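Below is one structure, written out as structure tokens; comments come after it.
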Number of protein chains: 2
Amino acid sequence: MQELDDREAALDRAFLALADPVRRALVARLSRGPATVNELAEPFSMTKQAVSKHIQVLEHAGLITRSRDGQRRPCHLAPAALEELTAWIDTYRLVAERQFRRLDTVLGTLKEEQK
Amino acid sequence: MQELDDREAALDRAFLALADPVRRALVARLSRGPATVNELAEPFSMTKQAVSKHIQVLEHAGLITRSRDGQRRPCHLAPAALEELTAWIDTYRLVAERQFRRLDTVLGTLKEEQK
DNA sequence: TTCTTTATCAACCTTATAGTTGATTACACC
DNA sequence: GGTGTAATCAACTATAAGGTTGATAAAGAA
């Protein structure tokens with residue numbers, strides 16, 4: 001059952017990582033291409049250390065990866081991790097929507113029978 | 001700019017709501033149909049009050065709605081709210097994937113030119 | 001009315017998160 | 001070597017989240 005726990009913990013980290021407007025802005029920026037910590041920190045009115053912490057949260061969640069370019073460590077978005085999140089959400093969203101359609105059908109049938 | 005802040009706060013609440021295995025299990029259960037607090041709390045080894053708090057988090061995030069049936073207050077999943085989350089994620093995932101494909105094309109062209 | 005069920009409220013504790021400042025590592029350039 | 005830049009580590013504070021217990025409200029059933 002360790003695999004299940006691992007997967008749950010990974011979902012915890014990924015959803016928690018996106019539950020912050022700063023980190024979502026970082027994701028939005030990185031979707032347009034790689035960037036360094038200093039470049040990412042520039043638009044924010046907070047210290048570089050704080051942004052570095054946010055980046056570590058995203059990295060630990062698997063949403064971004066880092067590479068090495070001299071003394072720089074550019075961040076890259078990991079679309080596959082984002083895809084896993086939409087897959088999780090869609091699983092239950094689609095089941096629920098199917099339920100709703102089924103209910104609509106039942107209600108429609110009842111309405112027909114009343115005529 | 002209040003609209004943007006509202007939307008950001010709504011995303012905060014929704015992603016945070018899903019960043020917990022108990023609340024994800026509640027969503028999974030509710031995807032198969034409505035349920036009361038007691039029914040939802042039964043599988044968990046925690047107090048009913050704790051589950052009630054989790055449900056309030058999901059409700060405040062707009063992921064579920066409540067109705068009234070005598071002394072019961074059944075919970076219903078709100079698929080539209082889930083859809084908004086996948087829409088947000090997919091926006092940046094698709095941009096990033098397009099970037100990757102473009103990079104692949106460039107690398108492929110360079111490789112061709114080297115022949 | 002009294003009793004039971006459903007669900008929430010209130011107070012409290014523990015742990016985790018977001019931010020700060022100051023020191024430190026690691027690499028590049030001269 | 002010595003200097004400047006990129007990035008992180010460490011320690012600390014304040015706020016919020018997840019859990020508990022105990023009391024409370026509200027609707028049904030006896």
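Throughout, protein chains are lettered first and strands after them, A, B, ... in sequence-line order, and every chain is numbered starting at 1. This is a predicted model, so every value here is computed, not measured.
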Over 12 foreign heavy atoms within 6.0 Å of CZ, B:Arg72: no
Nucleic acid contacts of residues 17-32 of chain A, taken as heavy-atom distances under 4.0 Å to DNA chain D: none
Counterpart residues, side chain to side chain donor-acceptor pair (under 3.5 Å), relative to B:Asn38 (two or more places apart): none
Residue list, side chain to side chain donor-acceptor pair (under 3.5 Å) with B:Asp90, at least two apart or on another chain: B:Arg93
Minimum side-chain heavy-atom gap B:Val95-A:Leu77 below 4.5 Å: no
Residue list, side chain to side chain donor-acceptor pair (under 3.5 Å) with A:Arg24, at least two apart or on another chain: B:Glu8, B:Asp12
Heavy-atom pair of closest approach, residues A:Arg32 and A:Ala28: NH1-O, 3.6 Å
Where chain B begins and ends its contact with DNA chain D, read 5' to 3' at 4.0 Å from heavy atoms: D:dG18 to D:dG28
Any side-chain heavy-atom pair of A:Leu26 and A:Arg29 under 4.5 Å: no
Any A:Leu85 side-chain heavy atom under 4.5 Å of B:Trp88 side chain: no
Extract all donor-acceptor atom pairs below 3.5 Å that involve side chains of residues 49-56 of chain A and protein atoms in other chains or at least two apart in sequence.
{"unit_1": "A:His54", "atom_1": "ND1", "unit_2": "A:Arg23", "atom_2": "NH1", "d": "3.1"}

Sub-4.5 Å side-chain heavy-atom contact between A:Arg7 and A:Glu84: yes
Linked, directly or transitively: B:Ile89 and B:Leu94 (ILVMFWY side chains, under 4.5 Å): no
Minimum heavy-atom distance between B:Ala96 and A:Pro79, given as atom pair plus value: CB-CG, 3.9 Å
Hydrophobic cluster identity match, B:Val22 and B:Val27, side-chain contacts under 4.5 Å: yes
For DNA chain D, the residues among residues 33-45 of chain A that have a non-hydrogen atom under 4.0 Å from it: A:Thr36, A:Val37, A:Asn38
Near-strand residues of residues 65-75 of chain A, defined as heavy-atom separation under 4.0 angstrom from DNA chain D: A:Arg66, A:Gln71, A:Arg72, A:Arg73
Would you give me the side-chain donor-acceptor pairs under 3.5 Å for residues 62-71 of chain B, sequence neighbours excluded?
{"unit_1": "B:Arg66", "atom_1": "NE", "unit_2": "B:Arg73", "atom_2": "O", "d": "3.3"}
{"unit_1": "B:Arg66", "atom_1": "NH2", "unit_2": "B:Arg73", "atom_2": "O", "d": "3.0"}
{"unit_1": "B:Ser67", "atom_1": "OG", "unit_2": "B:His76", "atom_2": "NE2", "d": "2.7"}
{"unit_1": "B:Arg68", "atom_1": "NH1", "unit_2": "B:Gly70", "atom_2": "O", "d": "3.1"}

Opening and closing nucleotides of DNA chain C in contact with chain A, under 4.0 Å to non-hydrogen atoms: C:dT17 to C:dA28
Cluster overlap A:Tyr92 with A:Leu11, hydrophobic side-chain contacts below 4.5 Å: yes
Heavy-atom side-chain proximity of A:Leu40 to A:Leu30 below 4.5 angstrom: yes
Any residue of residues 53-61 of chain A with a heavy atom less than 4.0 Å from an atom of DNA chain C: A:Lys53, A:His54
Residues that, via side-chain heavy atoms closer than 4.5 angstrom, fall in one hydrophobic cluster with B:Leu16: A:Leu16
